[in-house]
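The figures here come from the full heavy-atom set of this structure, side chains too, leaving out hydrogens, waters and symmetry mates.
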Amino acid sequence: MKKAAAIILCAALALIAVLWCVVGTVFVTCETPERPAAVNAALVQELRQSVETLCSAPRYGETLQLAEDYITRTLEEAGYEVRFQEFQNGGTAFRNIIVERRGTEPGKYIIGAHYDACEPDGDGDSNPGADDNASAVAALLALAKRMPQNPRHTVEMVFYACEEPPWFDTDGMGSHHHAQACDAQGVLGMVCLEMLGCFSNDEDSQPSHFPGQRLLVPGKGDFIAVVGDMDSLGLARRAAGRLSKRIRTLRANIPFAQDSVLYFSDHRNYAARGIPCIMVTDTAMLRNGSYHEATDTPDSLDYANMARITAGLLDTIKELAW
């Protein structure tokens, strides 16, 4: 009996070890750069200026137009021919803003970020929306300025309207309109940028939301996350590999992720069409206590880490499309 019990125990431990290795290599990984990545001071300042400009007026209601104008002007000054995808929500016209680097071969990658902010309920304080989502818009503008010419595959950069309530998880999302207009077979992958500016080196600054989280997710909110489902495993690995050269990076590819908080952004509409897609995020409301609050201000962001992420994203897109 003792021998049988020992065999069963060894088999159970072996199974646990195998499952742990699978979880730690396929589903969830976390990598830290071998040495701190240098920060481009000019890029830091550029990101800060973009965020402050975007947050200078509410990005909802009538003043959403100011954000659209700023994004359009910045892209035109960078030499792009800007086009718009207009759609109607509740009798009001909204526009996605689109630019691209045209490839020499078939297939394209989409990288996108929503430029609207969540309007507070009732008489609540205004929501500057610095992390959500001026941080990602600033990064995407910086990427557009630095995107080389003549990629192998087309790179399409999209700034979405109407990600936030009341349009979230409805056909009114700007990304829904864009995803529906895509030739899904021709899209090689989609990268969604969602909240890139909230970081902390304090212990327990990454709150725990489920038992055993600390075994998989760092307790410090000092990392960027690359998340998706199993269909996006290859895309996520390549993005996380590039980002992890510059900043601590968590990758999470979870089966059935489309039904979870991992898909609470624009990439959900591309996944619905079978397009491999990932979200790059500071984990949003899971970390940032100022989510959708008046305290989500430009001075609360970590622009040095945003610069590292922007550089890592540029490396990623070059690897994918060039």
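Counting heavy atoms of neighbouring residues, nucleotides and ligands inside a 6.0 Å radius, atom CD of Gln65 exceeds 12 of them. Summarising the local packing, CD of Glu62 is surrounded by 12 or fewer heavy atoms from other residues, nucleotides or ligands at distances under 6.0 Å. Within 6.0 Å of CZ in Arg214 there are more than 12 heavy atoms belonging to other residues, nucleotides or ligands. Within a 6.0 Å sphere centred on CD of Glu34, heavy atoms belonging to other residues, nucleotides or ligands number 12 at most. Within a 6.0 Å sphere centred on CD of Gln185, heavy atoms belonging to other residues, nucleotides or ligands number 12 at most.
Asp169 has a carboxylate O that lies under 4.0 Å from a charged side-chain N of Arg268, or vice versa, which qualifies the two as a salt bridge. One finds no salt bridge joining Lys108 and Asp183 here, because no Lys/Arg side-chain nitrogen approaches an Asp/Glu carboxylate oxygen to under 4.0 Å. Checked for salt-bridge contact, Glu46 and Lys145 meet the test: a charged N lies under 4.0 Å from a carboxylate O. Between Glu31 and Arg248, none of the side-chain N atoms (NZ, or NE/NH1/NH2) sits under 4.0 Å from a carboxylate O, so this pair counts as no salt bridge.
Side-chain contact check for Met173 versus His177: every heavy-atom pair is 4.5 Å or farther apart. At a threshold of 4.5 Å between non-hydrogen side-chain atoms, the residues Asn253 and Asp229 do not count as touching. Ser300 places none of its side-chain heavy atoms less than 4.5 Å from the side chain of Cys198. In this structure, Tyr115 and Glu163 have side chains that are not in contact, with every pair of non-hydrogen atoms separated by 4.5 Å or more. Residues Ile98 and Val82 fail the side-chain proximity criterion, which asks for heavy atoms closer than 4.5 Å.
Between the side chains of Thr295 and Ser290, a donor-acceptor pair is found at a separation under 3.5 Å. A donor-acceptor contact closer than 3.5 angstrom links the side chains of Glu194 and His114. A donor atom on one side chain and an acceptor atom on the other are found under 3.5 Å apart for Glu156 and His178.
In plain terms, the two heavy atoms of Pro58 and Thr63 that are nearest each other are O-OG1, 2.5 Å. Of all heavy-atom pairs between Pro298 and Cys55, the closest is CG-CB, 3.8 Å. Contact between Leu243 and Ile309 at its shortest, heavy atoms only, is CD2-O, 3.6 Å. Here the closest non-hydrogen pair linking Cys162 and Phe87 is SG-CE1, 3.9 Å. Closest heavy-atom contact between Ala321 and Val155: CB-CG2, 3.5 Å. For the residue pair Ala284 and Asp282, the shortest heavy atom distance occurs at N-OD1, 2.9 Å.
Rounded to the nearest 0.5 angstrom, Gln206 CD and Leu250 CG are separated by 8.5 Å.
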Determine, stepwise, if the pair Ser175 / Asp266 fulfils side-chain hydrogen bond (donor to acceptor under 3.5 Å, both in side chains). CA-CA 6 Å; Ser175 54; Asp266 293 297; 2.7 Å; yes

I would like to know whether Ile111 and Leu193 meet side chain to side chain contact (heavy atoms under 4.5 Å, CB included); could you show each step before the answer? CA-CA 7 Å; Ile111 180 166; Leu193 307 183; 4.1 Å; yes

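No chain of hydrophobic side-chain contacts below 4.5 Å, direct or via other Ile, Leu, Val, Met, Phe, Trp or Tyr residues, connects Val280 to Leu286. Side-chain heavy atoms closer than 4.5 Å link hydrophobic residues (I, L, V, M, F, W, Y) into clusters, and following such links, possibly through other members, connects Leu320 to Val226. Grouping the Ile, Leu, Val, Met, Phe, Trp and Tyr side chains by contacts below 4.5 angstrom, directly or via other members, places Tyr270 apart from Leu235.
Judged by distance alone, the side chain of Asp296 and the main-chain N or O of Asp131 form a donor-acceptor pair under 3.5 Å. In terms of modelled atom types and a separation under 3.5 Å, the side chain of Asp125 and the main chain of Ala294 share no donor-acceptor contact. The main-chain N or O of Val187 is never found under 3.5 Å from a side-chain atom of His153 such that the two would form a donor-acceptor pair. Remark: side-chain polar atoms of Asn89 are not paired, donor with acceptor, to backbone N or O of Phe94 under 3.5 angstrom. Proximity of a side-chain donor or acceptor of Thr310 to a complementary backbone N or O of Met306 within less than 3.5 Å is detected. Using modelled atom types, one side-chain atom of Trp322 and one backbone atom of Gln149 make a donor-acceptor pair closer than 3.5 Å.
Under the 30°/60° scheme for interplanar angles, the aromatic rings of Phe168 and Phe264 are found to stand perpendicular.
A side-chain hydrogen bond (donor to acceptor under 3.5 Å, both in side chains) with Asp315 holds for exactly one of Arg238, Arg246, Lys245; it is Arg246.
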Atom pairs and distances, donor-acceptor, side-chain atoms in residues 74-81, under 3.5 Å, two or more places apart:
residue	atom	partner	partner atom	Å
Thr74	OG1	Tyr70	O	2.8
Tyr80	OH	Arg101	NH2	3.4
Tyr80	OH	Ala144	O	2.6

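A ring pair (Phe, Tyr, Trp, His ring centres under 6.0 Å) check over residues 273-312, counting only residues at least two apart or in different chains, returns nothing.
Grouping Ile, Leu, Val, Met, Phe, Trp and Tyr residues whose side-chain heavy atoms lie under 4.5 Å apart, directly or via other members, leaves Tyr60 alone, with no other cluster members.
Seen from the ring of Phe223, Arg287 counts as a face-on cation partner, given the 6.0 Å and 45° thresholds.
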